[in-house]
Amino acid sequence: MLEKIFDPQSAEPRLYVAWEKAGAFRPDVNPDGAPYTIVIPPPNVTGSLHMGHALNNTLQDVLCRFERMRGRAVLWQPGTDHAGIATQMVVERQLNERQQKRTDFSRDEFIQKVWEWRHESGGAIINQLKRLGASCDWSRERFTMGDNGEPDDQMVRAVMKVFVDLYNGGLIYRAKRLVNWDPHFQTAISDLEVENKDVPGHMWHFKYPLAGGETYEYVEKDEDGNETLRETRDYISIATTRPETMLGDGAVAVHPKDERYAPIVGKLCEIPVGPKEHRRLIPIITDDYPDPEFGSGAVKITGAHDFNDYQVAKRGDIPMYRLMDWKGALRNDGQPYAEEAQKAQALLSETGTPDENYVDAINLVPDEYRGLDRFEARKRVVADIDADGLMIMVEDKKIMQPFGDRSGVVIEPMLTDQWFADAKTLAEPAIKAVEEGKTRFVPENWTKTYYQWMRNIEPWCISRQLWWGHRIPAWYGPDGHIYVAESEEEATKMAIAKYTQEGYSLEEINDMRRHEHGAAPLLHQDEDVLDTWFSSGLWPFSTLGWPDASEGEGDKANLVNKHYPTTVLVTAFDIIFFWVARMMMQGIHFMKDVPFHDVYIHALVLDEKGQKMSKSKGNVIDPLGLIDKYGADPLRFTLAAMAAQGRNIRLSEQRIEGYRNFSTKLWNAARFVEMNECAVDPDFDPSKANETLNKWIIHELRACVAETTEALEGYRFNDAAGAIYRFTWNTFCDWHLEFAKPILQGTDGPAKAETRAATAFVLDEILKLLHPFMPYITEELWGARADRDAHLIVTSWPTAAGLPLSEEAAAEMNSVIDLITEIRSVRQTVDLPAGEKFPMLYIEDGSAIGKCLATHSDLIERLARLDSVKTIAEADAPKGVALVSGGSTFVLDVAGSVDLAAVTKRLEKEVTKAEKEISVIDKKLGNPKFVDKAPQEVVDEQKERRAGYAEQREKLAAALTRLSG
RNA sequence: GGGCGCGUAGCUCAGCGGGAGAGCACUACGUUGACAUCGUAGGGGUCGGCAGUUCGAUCCUGCCCGCGCCCACCA
């Protein structure tokens, strides 16, 4: 016996364990099936399940369960991401709680601590995914750093091989370039990890005096060439939002066509800050970058601290002076300012590209500013210039400022040595693959976003100055030569070979080693680690066993051949650039094929007000809390039902409650079926049903199967969920079970037996269709209803082809439904007491409904609360409450008085409606253009509709005369 | 500045060339031993505005108004 209600708390863990134990999550439950593969977007090990995860994984699980039931060899490959910065942060925070710092430990010790954390509490999110019901093959769980991060671990080897191969192919290189520097974490970050935000700021206008007190005529003209301003100036006006970077200016640039400054191009001007006796002079140059219309038209060029200036400086061989240290404070190294400034001044007389390392060593921060934080330095610079009388004005202005997405601090463009991947080259085949349709975005419009980004891609900075991550497999020799190899051993071999070839003896090589590092190895490894996304980009093949050679299907560990390319990637749009693009680039390069055929981009889950959920806003809805409260099934169903393509999801708890009610409805339906002894009959053949009722429900089931299946095939989760919801509640429960009651409680043996079997059958099919969305309750019912050979999770998905069409039965039952609905409606209009029963008379008119009326009189009487249903000739029809359904007229033989005015009003309203429709259609049909140009079928359809309404109008009119007085 | 998207019932959203839909909320009534986490019935919308294409537009096109999001180097 089924319990009165379903208890998710106790059932969910039990069922989940049973599935795992049965091996249901492994692809070999369907050993002969075609592969169906999804790699999970690996959540951060530090993560805990949020609503986005819940949606993302629900959709993946729906697909996996659906395809598994369809017989595919489904591999849902799970795992987690080592998430460089995030994880390092978590462990550092723990140290802080114990009054310790990361730097209290050696790098090895710290990394050891991170591994300890990872093994103890990392991966809590995996258990949370299990609570959601995710049917991942956990036996294959992977971590982007491997089991222990050791060089022989396959996940690590994959990363090393990729780096080395790309390096050898010239697609990875080391260079000094301007990068986004996060002063909090003291590492470079990629463009994508920077959030540009509008913040209130200032724009200061300063005078840069011309060298030697020179003057020029400054003239401004309007559009017609008339002079609007003329004055003699001994300065050039410069605007900046970042005065502290003035110290590193290498030039002032103006547009070549800007006549105002033509007289002074090529001359020198003075940076108006720093000790007066050592003020630096910089040249006034031309470049296309400055916009004459903006500000004064003159731009200071600080190549080491601004991305635009960097480009100008590169074009013009302007030295780029780095002003800050890794913490974003003004530099405190090198010689006193006077000497350093002199070095810079000396560069002025040189031509050609300045040596970048020489320039980088120059510290142009005046002694009194050294060591100041950049924002403090800004205040000081402004105050000093102002005191000097060289500030023209300051405006308040909204400025775009870059922030680190993790640290929240202002990002500093910084000139540093970093490793870069040649994204432009890697992107080409990745763009082509989408153009050729090898990978398809669903919904389609995301392809544009993908193209836009890929076509404008910049070199990808892949090095990070962190401790936690894949260490870059590059080693430096005593002479600074770089050896890139998959292991230190190999790099050392390369180095020895190189030095031997250069004529050094083994003795001398050993000397080099001693000289450079005492007893240390010959080489020292690059201190940096790789961007987390560098390894995440390999996820679709590294998790499947690459780079180990695939030994065919017998090799369980290596499924690359069988499961790459994967079938579909399910993710949110905010990760297209970070992750999808990188997987495309790396996947195509190394596997010679796209990583996935489809990319399904789903919505973002927002709160009820349409705001992004975030901890800081405090509007986060915790999915685990909802699972505790309602169970996993209602949450999953809600997310799937709301996952319409291309829309955001505003989640409200009411909605979840509604779908919890749905699961209760299903549960109660199953209880009803059980009580009525509708046992599962394995021999039941739906195509052999005789009873109209059963033929009808199977016909309707067929439509639902088709609709659900097609929707899932097209990633239309909401349509699929809607179809099964409506069929279950509005067709099966509301009508079929009600119709079945008189038969199940009646005495007609064969009809009862067939209805029992058919009802049991349809319920089983509902469980199947619903299983991908609500796996727990359906599995529970499946197991409770009969002794089965297999769990529902591995039971075959229904096919429409396996179910018969029964148009006639469908028409018949639907007309009965219409009639009952009409009677109920009339009863309420006339305010007939719900408990009272009356006879109903059908006025014989030879219609279809009349022919089947007797067959279904039991149903009609019961559901419409009638005494009896009788057929009489029109002439014998008494007066009474008349109603029209299906083109026939019926009379409720009501004893006593009823609210006749209400019935009259109701009928008249229906007449009006019919007349209105008729007149609209007549207008159309009367329009020769319509009749000529519209497709014949549309015209015919309108004619049929007109006829229908015309008949309806007549019957209604006749019914009006039947009302008793 | 470029790109994407959204304005349909009180709320959240489907539909997207020929008959305006769902869930929730609301109102009324609850009878039939699956279900009050329920049943039955009902009210409620000039489908953002204007123009165009079309025999016909909530749906296509253009413009406008309002609102989101993503990308972007204006000092």
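Any value given below was found using the heavy atoms of this structure, including those in side chains, with hydrogens, waters and symmetry copies removed. Since the model is a prediction, treat every value here as computed from it, not as a measurement.
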Distance (rounded to the nearest 0.5 Å) between A/M840 CE and A/L892 CG: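 If I round to the nearest 0.5 Å, the distance is 7.0 Å.
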Test: A/E738 and A/K741 ion pair at under 4.0 Å: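 Yes, this pair counts.
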Over 12 non-hydrogen atoms of neighbours within 6.0 angstrom of CD in A/E3: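 Result for CD/A/E3: open.
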Atom CD of A/E444: over 12 foreign heavy atoms under 6.0 Å: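 Open.
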Closest non-hydrogen atom pair, A/N676 against A/R756: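 Closest approach of A/N676 to A/R756: O-NE, 3.0 Å.
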Nearest atoms (heavy-atom pairs only) where A/A581 meets A/Y450: CA-CE1, 4.4 Å
First encountered from the 5' end of RNA chain B, between A/K933 and A/Q745: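 Closest to the 5' end, via its nearest nucleotide, is A/Q745.
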Most 5' of A/F672 and A/F930 on RNA chain B, judged by nearest nucleotide: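 Its nearest nucleotide lies further toward 5', so the answer is A/F672.
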Indicate whether OP1 or OP2 belonging to [N] is found under 4.0 Å from a side-chain N or O atom of [X].
X      : N      : value
A/K929 : B/rC55 : no
A/T821 : B/rU40 : no
A/K741 : B/rA34 : yes
A/K448 : B/rG2  : no
A/R945 : B/rG19 : yes

Sugar-phosphate only, base, or nothing, as touched by A/P833 at under 4.0 Å among non-hydrogen atoms: nothing
Near-ring test A/F717/A/Y600, centroid separation under 6.0 angstrom: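 Yes, ring centres under 6.0 Å apart.
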Centroid-centroid distance, A/Y725 to A/Y659, less than 6.0 Å: yes
Every protein N/O within reach of nucleotides 20-26 of chain B N/O, cut-off under 3.5 Å:
{"unit_1": "B/rC24", "atom_1": "O2'", "unit_2": "A/Q654", "atom_2": "OE1", "d": "2.9"}

If the [atom1] atom of [N] is compared with that of [M], how far apart are they to the nearest Å?
N      : M      : atom1 : answer
B/rU58 : B/rA72 : C1'   : 36 Å
B/rG7  : B/rG49 : C1'   : 11 Å
B/rC13 : B/rA9  : C1'   : 11 Å
B/rU46 : B/rC11 : P     : 13 Å
B/rC59 : B/rC50 : P     : 12 Å

Reading 5' to 3' through nucleotides 70-75 of chain B, protein heavy-atom contacts under 4.0 Å coded B for base, S for sugar-phosphate only, - for none: SSBBBB
If I take atom [atom1] in residue [X] and atom [atom2] in nucleotide [N], what distance separates them, rounded to the nearest angstrom?
X      : N      : atom1 : atom2 : answer
A/I576 : B/rC69 : CD1   : C1'   : 12 Å
A/E738 : B/rG33 : CD    : P     : 10 Å
A/I777 : B/rU37 : CD1   : P     : 16 Å
A/K913 : B/rG19 : NZ    : P     : 13 Å
A/K923 : B/rG19 : NZ    : P     : 14 Å
A/N668 : B/rG33 : CG    : C1'   : 13 Å
A/W667 : B/rA36 : CH2   : C1'   : 19 Å
A/I601 : B/rG5  : CD1   : C1'   : 15 Å

Hey, are [Y] and [X] close enough side-chain-wise for a donor-acceptor pair under 3.5 Å?
X      : Y      : result
A/R242 : A/T302 : no
A/H202 : A/D396 : yes
A/K300 : A/T245 : yes
A/E822 : A/S825 : no

side-chain hydrogen bond (donor to acceptor under 3.5 Å, both in side chains) contacts in which one or both residues fall within residues 631-642 of chain A, not counting sequence neighbours: A/D61-A/R636
Nearest to side-chain heavy atoms of A/A934, which nucleotide of B/rC38, B/rU37, B/rC55: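 The listed nucleotide nearest to A/A934's side chain is B/rC55.
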Parallel, tilted or perpendicular, as decided by the 30° and 60° cut-offs, for the rings of A/W204 and A/F206: parallel
A/I411 side chain near A/W181 side chain, heavy-atom distance below 4.5 Å: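 No - every pair of side-chain heavy atoms lies 4.5 Å or more apart.
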Donor-acceptor pair (no angle test) under 3.5 Å: A/R824 side chain, B/rU40 base: no
What donor-acceptor contacts under 3.5 angstrom involve side-chain atoms of residues 925-941 of chain A, with partners at least two apart or in another chain?
{"unit_1": "A/N927", "atom_1": "OD1", "unit_2": "A/K929", "atom_2": "N", "d": "2.9"}
{"unit_1": "A/Q936", "atom_1": "NE2", "unit_2": "A/D940", "atom_2": "OD1", "d": "3.0"}

Pairing pattern in dot-bracket form [Watson-Crick, G-U; both distances under 3.5 Å; | = partner strand] for RNA chain B: ((((((((.[[[[.)..(..]]]].(((((.......))))).....[[[[[..)....]]]]])))))))....
Between the protein and nucleotides 28-30 of chain B, list the N/O to N/O atom pairs that are separated by less than 3.5 angstrom.
none

